[in-house]
**Student:** 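One structure coming up, written as structure tokens, with questions to follow.
Counting starts at 1 for both ligands and their atoms, following the listed order. No experiment lies behind these values; they were computed from the predicted model shown.
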Amino acid sequence: MSLNKRHPFLYHKIIMFSQQAGPIGIFDSGYGGLTVFNEIQHLLPNYDYIYLGDNARAPYGPRSFEVVYHFTRQAVIKLFEEGCQLVILACNTASAKALRTIQQKDLPTWDPSRRVLGVIRPTVEEVDKISQTKHIGVLGTTGTISSQSYALEIEKMFPHISVTGEACPMWVPLVENMEYDSPGADYFIEKHLNHILSSDPEIDTLILGCTHYPLLLNKIKKYTPAHITLLAQGKYVANSLKDYLLRHPEIEKKLTKNGVTRFLTTESAEKFTETASMFLQHQICVEQVSIE
Ligand code: DGL
């Protein structure tokens with residue numbers, strides 16, 4: 001094995017995956033992707049899923065491009081090793097910083113027949129229909145906002161729309177530490193909403209550009225004027241996946257359909273089970289895994 005000079009974390013190694021049909025992989029740095037998984041499973045209940053949360057290394061939001069790419073790549077390899085033929089990065093930070101490189105550089109060498117999809121594009125596709133003023137705000141992690149991924153994607157698809165981003169670095173830790181409903185959360189939520197809405201008072205649509213944020217929805221609503229639409233992405237990602245599978249029967253036929261879901265975490269299984277109960281309405285069985 002030799003160290004890659006551009007990405008010193010990466011080793012060149014030959015990766016072989018099974019060609020058998022398998023589940024849909026859903027990946028997030030932590031619990032946030034469960035908000036997307038819920039919507040996907042609700043819309044497509046017959047498929048099998050493996051949810052992987054890299055809880056031991058969350059949050060990804062403040063991490064560099066290189067580290068997010070390296071961690072996300074490890075997670076995708078793990079899901080492929082577990083038999084997934086299709087992986088959804090249910091994480092905006094990973095979609096912003098790792099998706100393109102994985103799609104363009106890694107997949108062609110690993111296995112060009114596998115797919116990795118993100119959450120930013122399906123969300124962006126909706127904004128023109130929803131916004132009247134054509135002024136959009138994006139709330140996200142520091143990594144997502146500084147990558148400009150939403151602004152660039154919206155510019156490409158809808159150049160007439162103006163985009164303002166707001167990094168909310170404390171919001172993911174509030175969710176991961178189960179403080180999302182506590183009085184302390186109000187300060188950070190009000191602060192960022194006031195800031196983005198005063199930066200562009202014409203904003204009429206706010207994208208919740210982080211899969212953790214639907215858990216903060218009650219408090220976000222409290223500090224958002226009623227005429228503003230809050231766009232949570234889970235439902236749009238699920239619709240887009242359904243549409244993708246209809247358009248790509250060659251991928252769809254490689255997915256198993258027994259209605260079974262496995263949950264994997266890089267943290268303790270017990271901790272994941274306890275916290276995941278905030279997101280899911282039923283009991284789950286969780287396995288701890290290593291992806292390094
Ligand atoms: N749910 C991830 C996202 O959508 C979380 C980010 C993090 O780990 O900071 O960006």
**Student:** Are Glu274 and Lys271 within salt-bridge range, i.e. N to O under 4.0 Å?
**Tutor:** no

**Student:** Which protein N or O atoms sit under 3.5 Å from any N or O of ligand 1? Give each pair with its distance.
**Tutor:**
{"residue": "ligand 1", "atom": "1 (N)", "partner": "Asp28", "partner atom": "OD1", "Å": "3.0"}
{"residue": "ligand 1", "atom": "1 (N)", "partner": "Thr211", "partner atom": "OG1", "Å": "2.7"}
{"residue": "ligand 1", "atom": "1 (N)", "partner": "His212", "partner atom": "ND1", "Å": "2.8"}
{"residue": "ligand 1", "atom": "4 (O)", "partner": "Asn92", "partner atom": "N", "Å": "2.8"}
{"residue": "ligand 1", "atom": "4 (O)", "partner": "Asn92", "partner atom": "ND2", "Å": "3.1"}
{"residue": "ligand 1", "atom": "4 (O)", "partner": "Thr211", "partner atom": "N", "Å": "2.9"}
{"residue": "ligand 1", "atom": "4 (O)", "partner": "Thr211", "partner atom": "OG1", "Å": "3.3"}
{"residue": "ligand 1", "atom": "8 (O)", "partner": "Ser29", "partner atom": "OG", "Å": "2.6"}
{"residue": "ligand 1", "atom": "8 (O)", "partner": "Tyr60", "partner atom": "N", "Å": "2.7"}
{"residue": "ligand 1", "atom": "9 (O)", "partner": "Tyr60", "partner atom": "N", "Å": "3.2"}
{"residue": "ligand 1", "atom": "9 (O)", "partner": "Gly61", "partner atom": "N", "Å": "2.7"}
{"residue": "ligand 1", "atom": "10 (O)", "partner": "Asn92", "partner atom": "N", "Å": "3.4"}
{"residue": "ligand 1", "atom": "10 (O)", "partner": "Thr93", "partner atom": "N", "Å": "3.1"}
{"residue": "ligand 1", "atom": "10 (O)", "partner": "Thr93", "partner atom": "OG1", "Å": "2.7"}

**Student:** Parallel, tilted or perpendicular for Phe263 and Phe37, by the 30°/60° rule?
**Tutor:**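 Perpendicular, since the angle between the ring planes exceeds 60°.
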
**Student:** So, the side chain of Gln85 versus the backbone of Gln20: is there a donor-acceptor pair under 3.5 Å, distance only?
**Tutor:** yes

**Student:** Who are the side chain to side chain donor-acceptor pair (under 3.5 Å) partners of Asn55, not counting sequence neighbours?
**Tutor:**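 Result, side chain to side chain donor-acceptor pair (under 3.5 Å) vs Asn55: Thr265.
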
**Student:** Under a 4.0 Å threshold between the charged nitrogen and the carboxylate oxygen, would Glu126 count as salt-bridged to Lys235?
**Tutor:**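 So Lys235 does not pair with Glu126 through a salt bridge.
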
**Student:** For Phe71, is the NZ or CZ atom of Arg63 found under 6.0 angstrom from the centre of its six-membered ring and inside 45 degrees of the ring axis?
**Tutor:**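 Not satisfied by the 6.0 Å and 45° rule.
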
